[in-house]
Amino acid sequence: MNNSTNIFEKLDLIDLFPKKIKLNDILVIGSLSLCLNQPDTVEDLKSQYLYKLMILDYNVRYLSFKPVATGSLLEDDGTAFDDFDFFNTNEEPTSGADLAGTASHIHPMDIHMAVFHCANDFLRQYMYTKLSACQFALPFLVPKPCTEVLEFPLWPLRHIKKSWQSMTNSSADNPGKYQIRQMFSTPVPVVSFVRLGSSFISKSQILNSVISKQRHNVFFNRHCKGSAPNSMLMNGVVEIAWYCPGGKKDDIFDDCVAFLNLHGDAKDHQQQLEFLQAVSTVNVLLLSEQPQDEETKTICQNLSQSPVPLICLFTESERVQGSKNPLKVRLAAKNRNEAELTEELITNIKQCTGKYNKKQSIKNCSNEARKLKFKVDEDKQSFKEGHELAQTLVCLLKEKGISDIKKEFLPLHGELWHNWCLKNKQQYRLSCQTNETIEQQKDVILSDMKATRQKQREIALSLNDFMRSFLDCLTSSDHSEDTKFYMLQWLRVLLDESSSDDLAKLEENYHSIWSQMKNVPKTKEKAEELDMLSKELNSISEKMAASTIGLQHIMREVGQMYECSVKESVGALPALGAEMLISGYPLELMDGDESHVPLIWVQAVLKSLIDKLGDKKVYVLSILGLQSSGKSTLLNTMFGLQFTVSAGRCTRGAFMQMLKVDENVREEFGFDFLLVVDTEGLRSPELKKYGQWSWKLRKFSLETQTKLENQIGSNNISDVNTTDLISDFDDVYTGLKREIETHFKEDKHAEILIKWKGNVENRLESLKNELIEKTLKQCKILIENKRSMTELEQKKSHYEKNLMQKSKTMATSLKDKRLTDEEVEKEFSSLWVEWVAEIANDQLPDEPVHIKAVVESILYSCFQKQADIMNKIKTISKKGTFEFTKKKHISQSVMAAKWESFKETFGMGTLQEFAEKLHRNVNHMVDEYIRNKELEKTDFNNNFIFEILDEVERHIQEFERNENVKFTNEYRVDLSVLVCLGSVQRFQRMHESFKKANNPITYLQSKRKQYFQMFKNYCKGANSVTIFAKFLFKNILPAVEEAIYNQIKLHIIDSMKCNNPAFSGNRCNLENHILRHLAMQKNFEFYDEYIHNPKSYFKRFIGEHVETFCKDYKKLQEMFRGRLEEIKLCILRICTEVSEEVNLKNGNASTWLDHFCTKLGDHMVINRQSLTSIQDEDISDTKFLKEMIAKYLEEVVKSENMEKVDASSQHLRLLKQKTTEILFKQLEGCWAQCPFCKAICTNTITNHSDDHRVQFHRSCAMGHVHYYKTDEFSITFCTTDVSSDGSFIIPPDEKWIPYKSYRDAGDPYDKWSITADGSTQGYWKWFICRFQKDWEDRCGCKFKGKGAIPDSWRKITEESYL
């Protein structure tokens, strides 16, 4: 018995050699599914190998069997060898156990190749797919054991696909093209590695370092786990692997490169060497340090004289002289630094492949294999017959264009099937109509469905050539079962090939137009262009759907043939579906294009399945999840299935695949077969669409609010009517409802989306009511403030009018004196001093307002039930703080005290620290509140204190819920008194600033320059129209600037939502960008704020992005100029309208100003009373007036002040703050955090009534959870805990609650829906590993003992979780 046969004997494969293991033999649920231990016997290795490969366990390559050692190192009497020389290795004694272990050890690659030799063609194809997914090399040329035959496994290689992003001809503006290619037909450079003689240096290890920076063992080598000196079945095998670049700067090669590796001494494998010479672009030769015989020298000579570039690694030399020929490279390999040698080798490979432009595909290689008389699997008869049958079918399809194939050859599930499905859905969604009853509607629908079936039946009776031939192939007894399944596989391959080029072009066009669309700004001016591009995208999408044809579409047609025909005539069809299921093929359960299950067909297939297998017990396992979340990949990995997976493409509909349960475990499992159902990804389109509609409503609300504020400030309105406000909102809301109705009716997936319609409408109505209430409240406050300012405004107006009259009188008397500018200013100064003194005498002395006294009075009235409240207020006022004590400030039972003591013992945070944290949060809230009031330049109002007190109480209640602590009423009083008294100084300064800014003398002093200019004009005899126009313009200019900034904030938000991905979606999208940002910053303090105060961090993140946007002063200036131009045109239009109206009524300047301020008051705040001083001017020449105003406006547009944005201006600061606030309101949602892991609820409604939920929970360590009476973190995930038998304790009463009944713990646990799905995310595992020490210090617990971090967590890379 030779060594090869011995391997098969040991592995219990001798009866399965050659090619007798089928795919169905391994797609079985067996004992290995229950547990995966080390093999108990050598015979178990083959099963372990196949199972590990099936579930994509990369350790499959290191599988080995280690027998349990027997015997002893001691002699029979228990004493050690006395004469054993510890340091002498020349005559090392070898124990029987050592010899037995060496003899029984099987090289891991021998297991791999033995299974390969025993696998049939379909199993080999399956194995190659799995090996490729594990990034392992694949057998390319294989010597058949016990013969001289070389096999070329073309069939499994034909199905290998690789994806990469080529950097060839790429640039910063034009990144490399991403492509997914069938390697069978894709020519790439081929680099072959061969060895002559034996060497201490591993050729395969060198090759691994060339193609993998991560040192992944693509090629097995002598340094891999389980390796042995000799492999019986690998000698002479040529393996292939491809390097696929990722389009990154650190890519090793710019394009895809194939690498071939000949195992063993090339001298012993002349045929393989000849093949490699024929297909290689570059040969890399590892030359042994041993003396060369004549045969070796001849091979070396032939390689050096070949036109194929050669890189020779000399293992016996530390230095070699370089070659003058760039295609013949000499490199020293002895005692070389591995990194340097690898880099040098890579450089030379690049150089050679660049100069010798030869590429090969697998197809070309197979032709070379045939020339050398190698055995090619596809040349056997059953392959050829299957190929001929499939080729005949595809030739029939080629009579039509690829996009017309479905319509022509698969007509039953085209438009007719679409109409039938539509009608079928309509019969369950009948609406009450005035002209038809429900029953009448249903009768019409059923009649239409019957008529559609009749049309299908007529088509089915005259089968087209393609479908007739397809059914003949599968039902004919002339073809063997192998031939039929080869035909199906070939058909799948040929259909892919026939459509791949067209689909690639369509995908490229789709990407190109999508990129164009992305760069077009979403403005009204570009709406038509966007609409055109959108239609073009939809058109391409429809062409892609029409051009995609596969086996599932043909079987869908078979199903429709059965459903529409007389069952007796098509009775054999369900058997085809049943046979496909039995043979391990996925079968479509639900049509993904129509979202409909063809029940008649599916029932018939399952009945046929029962007829074939008997009425067996079946366990149905289905999977649900979001789109592109890896559902198909998960099922394929768990059960070794073959559901279609592809980057960027999602499963459509639902597919089922059947697995047999092994007889040995059927009783334990309780069923005979497992039916796995792969489903289309769940979508939540309302989250994406709702964001667009809610922003339109919110934007309208902001525009309405700005307009009302302008009208109130301009005295155009004195009240806001709720009914009118609702009517205004309803105009927009009705339009949005129409958009929603259209979307949910006309979308191609309308039947699926309909369930979200009510949810979206309810959310939008809730938002509308909230915005109306907020707008009304804001307007009421403004109106009240305006009323309180009326008397002051009247005084200002009276003083200005008085000054103007005195100025005119004096100027008239001085007009003829021809005074110099200095003399004019001297005269005006004397008038100004006299006038100011007159006003000062007229002013009543201000009664000082002591804010502190007001605040203390409010606090007393609010907390008068608290014992000794006045003394408490005085004490806190004097000290500026209060002393925190647990006894006074915390509600604690005896159990709570024990709990607190325990937490302090283990350093998990004291109540003192909790109180300080709450105090910081409240201080932050008060600071932000006062800052907003300061920016509004308003006067102090008693309501400010009441609002602060309400917010303090809200913060306390929220803190109590989140931290499981209960504060006393005294703590509430102490904290409230402290923060309110702490705000006194700022409120006092605010009041004094307001009084000073609105004091008539201060106000008029600010206008001295303007009045002097008017006085000067009067003295110079200027036209009254000029004086009127200039004064008017100077007065409205600040209002113009403010109006511009008010408009810009909405434009900034629109721009950020369009161009900044973080703000283009909903809150979940924003959170993803925040997590990515945090990971890139790697700042623990930022993480700490995000975890413990997410609302604050979200707002800060938004504010930082707004700040960054506003630093682009050029873009901001463009916006400013655009709005200024709009306002200029608006003012000129109003001037024209007002002048025409006043001229018709023979009105004067006062009438003109009344009309002008009323009209302009919709666009900005205009104070009519501030213009009383010019209302008596003669402006009869209204044409000249308009020209003067236009002149002044144009001067402002072109002025230097408009050339740049003032970074320090109050307007800009307020703009950034308001923009941040609006964006935050648009993107915020619920801020509740999971009581176990602190994950944030993803609901987009702030005060939603249903349960809190999140998509992914975190490790409970993120929520400070630890094991009872220890400082060991709990690192489990709450999604796993809630399905476990564990319990958790509720402080302070130390009540134990089973995780399965977590809602029994009360608030906040009962407000959360935590699904026991075991879902986890790598992100927070990485966080714990990266910031382990920081988090331990922060929480006072350790990742040790039961809370030790698993090794697998530490392997999570930044790239993988991002």
Side-chain angles (χ1 to χ4, degrees), residues 3 6-8 10-13 26 32-33 35-69 98 100-119 123-124 126-140 142 193 201-235 237 239-241 259 261 263-264 338 637-638 640 1350-1352 1354-1357:
N3 289 334
N6 187 35
I7 292 291
F8 290 103
K10 282 184 178 180
L11 293 172
D12 196 23
L13 286 171
I26 72 159
L32 284 175
S33 306
C35 60
L36 191 58
N37 300 318
Q38 280 298 108
D40 295 325
T41 65
V42 175
E43 290 79 8
D44 290 340
L45 286 171
K46 62 178 184 301
S47 302
Q48 287 272 8
Y49 174 84
L50 286 166
Y51 185 72
K52 281 179 175 285
L53 184 62
M54 184 175 78
I55 63 171
L56 296 177
D57 183 349
Y58 77 98
N59 288 309
V60 66
R61 276 264 294 267
Y62 312 115
L63 194 63
S64 61
F65 173 73
K66 294 182 178 178
V68 178
D98 291 338
T102 304
S104 62
H105 178 77
I106 298 180
H107 195 288
M109 292 305 287
D110 281 341
I111 305 170
H112 167 65
M113 291 309 300
V115 174
F116 169 85
H117 286 299
C118 294
L123 179 52
R124 285 185 179 183
Y126 177 86
M127 288 173 63
Y128 273 44
T129 305
K130 297 291 182 179
L131 287 167
S132 179
C134 290
Q135 302 298 322
F136 289 145
L138 309 174
F140 198 63
V142 183
F193 275 64
I201 297 175
S202 169
K203 164 177 53 69
S204 297
Q205 187 183 28
I206 292 174
L207 180 47
N208 286 336
S209 64
V210 167
I211 63 176
S212 174
K213 287 184 177 179
Q214 287 73 34
R215 295 293 188 270
H216 175 59
N217 292 315
V218 179
F219 294 93
F220 194 92
N221 61 81
R222 68 182 64 161
H223 301 293
C224 290
K225 180 182 175 183
S227 183
N230 294 304
S231 168
M232 300 296 106
L233 299 179
M234 279 302 290
N235 199 23
V237 172
E239 289 186 300
I240 187 170
F259 288 87
N261 184 21
H263 290 268
E338 184 184 350
T637 305
M638 285 178 66
D1351 291 339
S1352 60
R1354 299 195 185 278
K1355 294 176 183 177
I1356 297 172
T1357 63

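In what follows, every heavy atom counts, from backbone to side chain, and hydrogens, waters and symmetry copies are set aside.
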Problem set entry | Stepwise side-chain contact (heavy atoms from CB on, under 4.5 Å) check, Met127 with Tyr49 | CA-CA 11 Å; Met127 288 173 63; Tyr49 174 84; 4.0 Å; yes

Exercise. Should Arg61 and Met109 be marked as a side-chain contact (heavy atoms from CB on, under 4.5 Å) after you check the CA-CA gap, both sets of side-chain angles, and the distance that decides it?
Worked result: CA-CA 7 Å; Arg61 276 264 294 267; Met109 292 305 287; 3.7 Å; yes

For this session: Could you walk me through whether His107 and Phe220 pass side-chain contact (heavy atoms from CB on, under 4.5 Å), step by step?
Result: CA-CA 11 Å; His107 195 288; Phe220 194 92; 3.3 Å; yes

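Using a 4.5 Å cut-off on side-chain heavy atoms (C-beta onward), Val210 and Phe259 make contact. Using a 4.5 Å heavy-atom threshold, the side chains of Tyr51 and Gln48 count as separate. You'll find the side chain of Arg124 stays beyond 4.5 Å of the side chain of Pro139, heavy atoms only. Residues Ser231 and Asp110 have side chains in contact (heavy-atom distance under 4.5 Å, counting atoms from C-beta outward). Contact annotation: the side chain of Ser227 approaches that of Arg222 to within less than 4.5 Å [non-hydrogen atoms, C-beta and beyond]. Looking at Tyr126 and Leu53, their side chains never come closer than 4.5 Å, going by heavy atoms from C-beta outward. Using a 4.5 Å heavy-atom cutoff, the side chains of His117 and Phe8 are in contact.
To the nearest 0.5 Å, atom CE of residue Met113 and atom CD1 of residue Ile7 are 12.0 Å apart. Atom CD1 of Ile201 and atom CD of Glu338 lie 10.5 Å apart (nearest 0.5 Å). Expressed to the nearest 0.5 Å, how far CD of Glu43 lies from CG of Leu45 amounts to 8.5 Å. With rounding to the nearest 0.5 Å, the separation of CG in Leu138 from CD in Glu239 is 8.0 Å.
Not counting sequence neighbours, the partners of Arg1354 by the side chain to side chain donor-acceptor pair (under 3.5 Å) test are Gln1332. Annotation: side-chain contact (heavy atoms from CB on, under 4.5 Å) contacts of His216 (sequence neighbours excluded): Gln135, Phe136, Ser212, Val218. Scanning for side-chain contact (heavy atoms from CB on, under 4.5 Å) contacts around Leu50 gives Ile26, Val115, with sequence neighbours left out. Qualifying side-chain contact (heavy atoms from CB on, under 4.5 Å) partners for Ser1352, counting only residues two or more places apart in sequence or in other chains: Pro1350. Listed by chain and residue number, nothing satisfies the side chain to side chain donor-acceptor pair (under 3.5 Å) test with Lys130 (two or more places apart in sequence, or in another chain). With sequence neighbours left out, the side-chain contact (heavy atoms from CB on, under 4.5 Å) criterion links Asn221 to Ser202, Ser204, Gln205, Asn208, Asn217, His223, Cys224.
Within 6.0 Å of atom OH in Tyr62, more than 12 heavy atoms from other residues, nucleotides or ligands are found, so the atom counts as buried in its surroundings.
Side-chain N or O atoms of Ser132 include none that pairs as donor or acceptor with a backbone N or O of Thr129 at under 3.5 Å.
Defined by atom type and a distance below 3.5 Å, a donor-acceptor pair is present between the side-chain atoms of Lys203 and Asn261.
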